[in-house]
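Shown next, in C-alpha cells, is the structure this report addresses.
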Amino acid sequence: MDKLKINHEKIDEKTAKKLIDICPFNAFDYKDNKLEINAACKMCKICVKKGPPGAVEYIKEEEPRIDKSLWSGIAVYVEHNKGKIHPITFELIGKARELAKKAGYKVYCIMLGFSIFESAQELLHYGIEEVFLYDYKELESFKIEPYTAAFEDFINNIKPSIILIGATTVGRSLAPRVAARFKTGLTADCTYLDVKENTDLIQIRPAFGGNIMAQIITPNCRPQLATVRYKVMDSEVRSKDISGKITVCSMDIKKLQSNIEFINIVQKEAEENISEAEIIVVAGRALKTKKDMALAYELAEVLQGSFAGTRPLVEAGWIDSKKQIGLSGRTVKPKLIITLGVSGAVQFTAGMKSADYIFAINKDPSAPIFSVAHFAIVGDIYEIVPKLIEDIKIAKSTHPSSKYRVPIFE
Amino acid sequence: MDIIVCIKQVPGTSKVEVDPETGVLVRDGIDSKMNPYDLYALETALQLKEEYGGSVKVISMGPPQAIEIIKEAYMIGADEGILVTDKKFAGADVLATSYALAQGILHFKRFDLIITGKQTTDGDTAQVGPEIAEYLKIPHVSNVLRIIKATKKHLILDMDMPDSIGTIKILFPCLITVEKDIFQPRLPSYKKRILTMNREIKIMGISQMADKDEKKYGLAGSPTKVERIFPPEEKFDRETWTGSGEALAEKMTKKLKELKFI
C-alpha cells in the first residue's frame with residue numbers, strides 16, 4: 001500500500017510550518033517538535049510536490065493488481081419517472097459513447113422499473129448497444145434494497161468497466177450503495193470525464209465549494225462509478241433510426257424484498273420560490289407600463305424559468321414582494337439570470353451576483369449592472385426581447401429533448 | 001428509540017484558493033466547525049427523542065481535534081459520543097470512511113435509526129450515509145424532507161425524488177439522510193455545556209474495532225486516488241455586446257443554446 005513518509009531529520013519549526021500551510025486538508029500536526037500526518041490526509045501529495053524538498057516522501061508499494069481486461073463496456077443508469085426518461089440519461093449516453101469510442105468499449109443501459117418495456121424502446125434511438133431491463137413489480141418505485149439488488153445482478157453478469165449515473169436525488173442514493181456493495185470507487189458530481197489507455201476513468205470534480213478541482217481515478221478496482229449532474233454533459237442527438245437491442249433480465253425475486261413501503265407519491269408542482277429557481281428573468285425599471293411586464297413573463301416562460309423583479313416594481317405594485325431580488329428581498333443563485341432594463345444598484349446585485357451566468361440588457365452602457373454581468377448587452381429591451389422570444393421558440397422546436405418538460409418548471 | 005447521528009468537522013470557510021503560479025492552496029485561516037448540514041440531522045434526532053423517548057448518540061471520524069464537535073453535540077443535547085480516529089485512517093476516501101464509521105457504529109451495539117446530514121460542505125458528495133447503510137446491511141432513504149410519524153417499529157416520512165415526493169414507511173433499523181430545513185436546529189446551551197463538561201467521549205482506533213485489518217482503512221482501503229488538484233479555470237471573460245436589437249437577440253439565442261439553457 002502506498003503511503004507518505006515524513007523524513008524527520010529534515011523537519012524543523014520552519015519546514016513544519018511550511019507543510020502545515022500548504023496542506024489543503026489541515027492534515028499535519030506539529031507537537032513537541034514532531035510532525036505527524038493525521039486522519040484528515042487525502043493523499044493529494046501536494047506536500048511531496050510543493051513542500052520543502054525531501055521533507056515528505058511518497059512510498060509506493062506494489063499491491064496485487066486486478067485483471068482489468070475482465071471488465072469491459074460502459075453502462076449508463078437510466079433515470080426515469082414511470083417510464084418517462086429523464087434527459088440526464090441522454091447526456092450520460094453522449095459522454096459514454098465518446099469514452100467508449102476511445103476505449104473500444106460498448107455502451108449499455110440498465111433500466112429498472114415496472115411495465116417499462118415500451119419506454120425502453122426510446123433508448124434505441126441513441127446509438128447504444130444493449131439495454132438491460134429489469135421489469136418487476138418490486139421495482140415499480142425507487143426502493144433501495146431491490147434497486148441495489150438488480151444493479152448487483154447486472155454488474156455480476158455484464159461486468160462493465162465504467163458505470164455512469166445521473167447525480168439526481170435517486171442517483172446520489174443508489175450509486176454509493178452499489179459502489180459499497182462492490183467495494184469500489186465512486187466519484188460524485190464529475191464535471192469532466194475521460195478515459196486512459198489502461199481503461200482507468202479520469203474523473204474531475206469540484207471540491208471545497210468549487211474553489212479547487214480534484215482529478216480522481218480508481219486505479220485498482222472495477223467497476224468504476226461516477227455520478228454527473230444534470231446539464232453538465234452534452235446530450236446525445238436522437239437518431240431517427242433504431243440500433244441495438246433490449247434484453248429483459250430475470251433474477252431471483254427473493255432478492256427484491258424491501259423494508260420500505262410506498263404510501264403515496266405526489267408529483268411536484270410548479271416552483272414558486274425564486275430562491276430555488278435555476279433560470280430567472282428579472283424585470284427592471286426600464287419597463288414603461290405594467291402591461292409591458294408581459295415581455296418578461298413570456299421570456300421566463302419560453303425558458304421554463306421563473307420571473308422576478310426589482311424593488312421599484314414591487315413598490316409600484318406591479319409584482320408580488322415574494323418575487324423581489326435583492327437585500328430587502330430574496331437572494332438567488334440560479335444557473336442563468338437575465339436582467340431586463342435593471343440598472344443594478346448594489347442592493348439588487350448583492351442578491352444575485354453569484355448566479356452562474358448573468359446576461360444583462362440595458363440601454364445605458366455605463367449601467368452598474370454591467371460590472372457584475374458576464375454578458376453585457378447594450379441595447380433596448382423593447383427591440384431585443386420580442387425578437388429573442390421568437391428566436392428561442394424556433395431554436396426549441398428543433399431541439400431533440402424539447403419533448404421533455406421538467407415538471408418543476410411547468 | 002435509539003438514534004445515532006453521524007457528524008463531521010469541516011473547515012470553517014470554503015474560501016480556499018489555489019495559487020495559479022505555485023499550485024499551492026491558500027487557506028483563509030484554519031477555523032473548523034461542525035458540518036452545518038449535520039445540525040439538521042442532530043435536531044431531527046433530538047425531536048424524535050423528545051417525542052418518542054430513547055437516546056441520541058453521535059459519532060464522528062476525524063483528527064483528534066474533531067473531539068470539539070462532539071463536545072458541541074453534547075451542548076446541543078446528545079447523550080453519548082464516539083470519535084473514530086487513527087493515524088491509519090489518513091487518506092480515507094468515501095468507502096474507507098464509511099467502513100470506519102460503520103465499524104464504530106457497531107460499538108454502540110444496538111440502534112433503531114441512524115441519521116446523517118444530506119452532505120458535507122467540504123467533501124460535498126452525499127455518499128457516506130448510503131455506504132454506511134450498505135456496510136450495516138440496513139435500508140436507507142436519502143433526502144428526507146419531513147418526518148411524519150414514528151412507532152416502535154417504523155418511520156413514516158417524505159422523501160425527495162427528482163420529479164416527485166414519496167411518502168414512505170421504512171422499518172427499523174434504518175438510516176436516513178435529512179434535507180436542510182427539516183427542522184430548525186437549536187443552539188448549544190450554556191447549561192448543557194456546564195453539565196456535560198466532563199462527560200466521557202469514547203476514542204476508537206483500529207485496535208478497538210471488530211475488524212482490525214489495516215488494509216480496509218485509510219488510503220489502503222480507498223479505491224479512489226486523487227491524482228492532482230488544481231484551480232478551476234475561469235469560465236469566460238466578461239463580454240460587452242452592441243449592435244441592432246435583432247443581431248443582439250440572435251447572438252443571445254446562440255449563446256443560450258451553447259450553454260444548454262435552450
Side-chain angles (χ1 to χ4, degrees), chain A residues 1 22 24 26 37-44 50 81 144-145 168-170 172-173 176-177 180-181 184-186 188 208-209 211-219 221 231 259-268 336 357 374-380 383-384 387-388 391-392 395-396 407, chain B residues 14 16-18 23-25 30 62-63 85 89-91 94-95 98 122 125-127 130-131 134-135 139-140 142-143 160-171 219-220 223-230 232 236 238-242 245-246 248-250 252-253 257 259-262:
Chain A
M1 99 180 136
I22 62 169
N26 204 13
I37 297 170
N38 66 38
C41 172
K42 294 266 180 264
M43 279 289 172
C44 70
K50 308 280 181 191
N81 181 12
I144 198 65
E145 312 100 307
T168 62
T169 44
V170 165
R172 288 180 118 197
S173 179
R177 193 89 199 195
R181 185 151 303 179
T184 188
L186 164 63
F208 283 113
N211 291 301
I212 58 171
M213 305 299 286
Q215 178 170 323
I216 297 163
I217 53 165
T218 307
C221 286
K231 288 184 176 163
N259 280 347
I260 297 171
E261 191 187 308
F262 269 79
I263 298 171
N264 193 20
I265 296 179
V266 181
Q267 299 301 313
K268 278 184 193 163
L336 168 67
Y357 294 98
H374 303 115
F375 300 98
I377 300 148
V378 187
D380 188 337
E383 284 170 23
I384 299 171
K387 177 75 169 65
L388 181 62
D391 286 355
I392 293 172
K396 272 171 59 171
Chain B
S14 60
V16 194
E17 279 170 39
V18 183
V24 169
L25 244 85
I30 47 162
T85 185
F89 293 155
V94 169
L95 193 81
S98 307
D122 58 347
T125 70
Q127 292 174 171
E131 295 211 356
E134 173 65 21
Y135 274 125
H140 80 266
S142 293
N143 305 97
D160 190 27
M161 292 190 289
D163 300 336
S164 57
I165 291 170
T167 302
I168 64 158
K169 180 171 136 179
I170 182 165
L171 295 181
L219 184 73
T224 62
K225 308 280 179 247
V226 177
E227 278 198 312
R228 66 186 178 112
I229 55 173
F230 56 98
F236 40 73
R238 292 188 197 284
E239 291 178 20
T240 301
W241 300 351
T242 52
E246 200 161 308
L248 289 171
E250 228 166 77
M252 252 183 102
T253 309
K257 203 167 173 175
L259 298 171
K260 296 190 207 90
F261 290 113
I262 306 178

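Chain letters run A, B, ... following the sequence lines, proteins first, then strands; residues in each count from 1.
Using a 4.5 Å cut-off between heavy atoms, A/Glu261 contacts chain B through both its backbone and its side chain. Both the backbone and the side chain of B/Phe261 come within contact range of chain A, judged by heavy atoms closer than 4.5 Å. Heavy atoms of B/Ser98 lying under 4.5 Å from chain A are absent altogether. Contact of A/Asp380 with chain B is not made at all, since no heavy-atom distance falls under 4.5 Å. The contact between A/Cys41 and chain B is made by backbone and side chain atoms together, counting heavy-atom distances below 4.5 Å. Proximity to chain A (any heavy atom under 4.5 Å) is restricted, for B/Leu95, to the side chain, taken from C-beta onward.
Between B/Trp241 and A/Phe375, the angle of the ring planes lies from 30° to 60°, which puts this pair in the tilted group.
Taken to the nearest 0.5 Å, the CD1 atom of B/Ile170 stands 7.5 Å off from the CG atom of A/Asn259. The structure places OG1 of A/Thr169 at 5.5 Å from CG of B/Asn143, a figure rounded to the nearest 0.5 Å. One finds the NZ atom of B/Lys169 at 12.5 Å from the CD1 atom of A/Ile260 (value rounded to the nearest 0.5 Å). Interatomic distance, OG1 of B/Thr240 versus CD1 of A/Ile377, reported as 9.5 Å (0.5 Å rounding). Between the CD atom of B/Gln127 and the OG atom of A/Ser173 there is a distance of 11.0 Å, given to the nearest 0.5 Å.
When side chains are defined from C-beta on, A/Pro176 does not count as touching B/Glu134, because their heavy atoms never get closer than 4.5 Å. Taking 4.5 Å as the limit, some side-chain heavy atom of B/Glu250 sits within range of a side-chain heavy atom of A/Asp391. Side-chain contact check for B/Glu131 versus A/Leu186: some heavy-atom pair is nearer than 4.5 Å.
Proximity of a side-chain donor or acceptor of A/Lys268 to a complementary backbone N or O of B/Met161 within less than 3.5 Å is detected.
For the set A/Ile217, A/Thr184, A/Ile144, A/Val170, the count of heavy-atom pairs under 4.5 angstrom toward chain B peaks at A/Ile217. Residue with the most contacts toward chain B among A/Gly379, A/Gly185, A/Ala188, A/Ala376: A/Ala376 (heavy-atom pairs, distance under 4.5 Å). Considering only heavy-atom pairs separated by less than 4.5 Å from chain B, the leading option among A/Leu336, A/Ile392, A/Asn38 is A/Leu336. Of the listed residues (A/Lys387, A/Glu383, A/Gln215, A/Arg181), the one with the most heavy-atom contacts under 4.5 Å to chain B is A/Gln215. Between chain A and the residues B/Thr242, B/Asp160, B/Thr85, the most heavy-atom pairs under 4.5 angstrom are made by B/Asp160.
Heavy atoms only, all atoms of each residue included: A/Ala395 and B/Lys257 are closest at O-NZ, 4.1 Å.
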